[in-house]
Amino acid sequence: MRAALKPLWRRWLARRIPPAASVRLNQRRIFILPSRVGAVFAVVLLLMLLVGINYQNSLAYGLTFLLMAVFVVTILHTYRNLAGLVLKAGGGGAVFVGEQARFRVRLESREREHQAVALGWPPAELVVRDVPREGLTEVDLSLPATRRGWLRPERLRVESRFPLGLLVAWSWVDLDQAVLVYPRPLQGDLPVSAGLGDEEEEGMRARGQGADDFQGLREYQPGDSKRRLDWKAYSRGQGLLVKDFAMLSGRDLWLDFDSLGGDSEMRLSLLCHWVLQFSERQQAFGLQLPGQVIAPDYGEGHRDACLRALALFGARA
């Protein structure tokens, strides 16, 4: 029964609180009910009222109605603690499978202070933050990245039990966030063809630094890998020098999906490892996937384009 109602609930929420990069909580987007503590409190009030009626005790009447008034006033304050709060989606960097994907959420107050606001994805523990009046607070939330591709989280739960914990006001918002998840890098030997379609060099293998030939030292330039810095020369006062390598093969390397063995995920993980290796060494390479070819190049932009292609391989447009 619950499973059958879940799609209906999600469609209703999508109409009432549509996905948006910025959401302001108002009366249409906030729900409120007694918490467990509030339910016990209500039961106690009912028993006190029955005692007062049974014994015609004016003191029991007075105490019961006083506590009922406190409960009613708490409804207003609990609702006001969320009303007017603005939630905005922040940036989230790409991660690899097995890492924690981070989603940044900005909480903004345009009118009043919001205290003890909790947000997150149940059943995980919610993160509690205070938002100053006419100020903002940034919250970093995380989810495990279990598979490559776009990671789009479920609706974010935002709740408050302030001030007395008798009631809980909450909302479910979709900030339309997504984080790109790259394949998990897998070490191993990789068949590499030096020229696309060149049959003479199809057996060639790249094996780490052995694929490069040391050429000498040159001055450091912004963007050079820090692993190539010659620290001994720096300690002798010769400045920042970088070890320069040249490929043994005078041609660009191609990482070819079809030349690998194993299932698709293993191939993508192996390609991911070598994309990182070649990029770290500032070595030009190309990537060939079924239906997609990325021309040989090097640099951060080329690395990111290759990793993106690996992450979205086989995904529907």
Side-chain angles (χ1 to χ4, degrees), residues 2-36 38 74-95 99-147 149-181:
R2 182 177 297 180
L5 292 176
K6 202 169 185 179
L8 297 176
W9 166 251
R10 288 180 176 178
R11 287 197 294 268
W12 182 82
L13 268 181
R15 292 193 301 269
R16 192 175 184 88
I17 314 176
S22 178
V23 175
R24 183 172 185 176
L25 301 182
N26 53 30
Q27 68 274 11
R28 284 181 50 84
R29 296 168 177 169
I30 298 176
F31 314 100
I32 186 167
L33 281 175
S35 63
R36 291 183 180 180
T74 302
I75 296 176
L76 175 62
H77 283 278
T78 304
Y79 164 78
R80 281 171 55 86
N81 194 51
L82 277 189
L85 181 66
V86 178
L87 293 91
K88 291 185 177 180
V95 297
E99 296 181 343
Q100 291 289 322
R102 298 195 175 277
F103 298 87
R104 178 162 295 179
V105 179
R106 173 178 294 181
L107 307 178
E108 294 185 1
S109 171
R110 298 179 180 176
E111 298 176 359
R112 65 181 70 89
E113 182 181 5
H114 303 273
Q115 301 183 37
V117 177
L119 64 162
W121 293 283
E125 185 176 356
L126 304 185
V127 178
V128 181
R129 292 288 187 273
D130 294 332
V131 185
R133 182 179 181 180
E134 297 182 355
L136 61 89
T137 299
E138 289 189 344
V139 182
D140 286 330
L141 304 174
S142 62
L143 284 176
T146 58
R147 59 181 180 179
W150 287 111
L151 174 58
R152 303 183 186 277
E154 298 287 339
R155 284 183 173 267
L156 181 70
R157 180 178 174 91
V158 186
E159 71 174 40
S160 173
R161 300 171 187 262
F162 181 85
L164 298 179
L166 299 178
L167 297 109
V168 52
W170 80 95
S171 183
W172 293 97
V173 298
D174 185 351
L175 296 179
D176 200 20
Q177 292 177 292
V179 164
L180 188 60
V181 181

Might you point out which heavy atoms bring [X] and [Y] nearest each other, and give the distance in Å?
X      : Y      : value
Trp121 : Pro153 : CZ2-CB, 3.5 Å
Arg102 : Val179 : O-CG2, 3.8 Å
Thr78  : Ser160 : CG2-O, 3.7 Å
His114 : Ala83  : CE1-O, 3.2 Å
Gln100 : Pro144 : OE1-N, 3.5 Å
Leu87  : Leu175 : O-CD2, 3.8 Å

**Item:** Phe162: ring-ring contact (aromatic ring centres under 6.0 Å, His included) partners, not counting sequence neighbours
**Value:**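 Result, ring-ring contact (aromatic ring centres under 6.0 Å, His included) vs Phe162: none returned.
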**Prompt:** Are Arg80 and Arg112 close enough that some pair of their side-chain heavy atoms sits under 4.5 Å apart?
**Reply:**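 Yes. Closest side-chain heavy atoms under 4.5 Å.
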**Prompt:** Asp174 versus Leu156: any side-chain heavy-atom pair under 4.5 Å?
**Reply:** no
**Option among Leu119, Val86, Val158, Leu136 that satisfies the side chain to side chain contact (heavy atoms under 4.5 Å, CB included) test with Leu107** = Leu119
**Message:** Pair Leu143, Phe103 - check side-chain contact (heavy atoms from CB on, under 4.5 Å), show working.
**Reply:** CA-CA 8 Å; Leu143 284 176; Phe103 298 87; 4.1 Å; yes
**Request:** Kindly write out the residues that satisfy side-chain contact (heavy atoms from CB on, under 4.5 Å) with Arg147, not counting sequence neighbours, or none if the list is empty.
**Result:**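 Partners of Arg147 under the side-chain contact (heavy atoms from CB on, under 4.5 Å) test: none.
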**Request:** Calculate, to the nearest 0.5 Å, the distance between atoms CD and CG belonging to Glu113 and Leu85 respectively.
**Result:** 12.0 Å
**Request:** Kindly compute the distance separating CG (Leu33) from CD1 (Ile75), expressed to the nearest 0.5 Å.
**Result:** 10.0 Å
**Item:** Flag if over 12 foreign heavy atoms under 6.0 Å of CZ, Arg157
**Value:**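 Check passes, neighbour count above 12.
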**Evaluation steps, side-chain contact (heavy atoms from CB on, under 4.5 Å), between Glu154 and Arg10** = CA-CA 10 Å; Glu154 298 287 339; Arg10 288 180 176 178; 3.9 Å; yes
Distance-only donor-acceptor pairs under 3.5 Å for side chains of residues 12-23, two or more places apart:
from	atom 1	to	atom 2	distance (Å)
Arg16	NE	Arg28	O	2.5
Arg16	NH2	Arg28	O	3.3

**Residue list, side-chain hydrogen bond (donor to acceptor under 3.5 Å, both in side chains) with Arg161, at least two apart or on another chain** =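 Here the qualifying residues are Glu159.
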**Request:** Any pair with a residue in residues 122-140 that passes side-chain hydrogen bond (donor to acceptor under 3.5 Å, both in side chains), sequence neighbours left out, goes on the list, sorted by first then second residue, please.
**Result:** Arg104-Asp140, Arg106-Glu138
Identify all side-chain donor-acceptor contacts of residues 164-173 below 3.5 Å with residues at least two apart in sequence or on another chain.
from	atom 1	to	atom 2	distance (Å)
Ser171	OG	Arg29	O	2.5

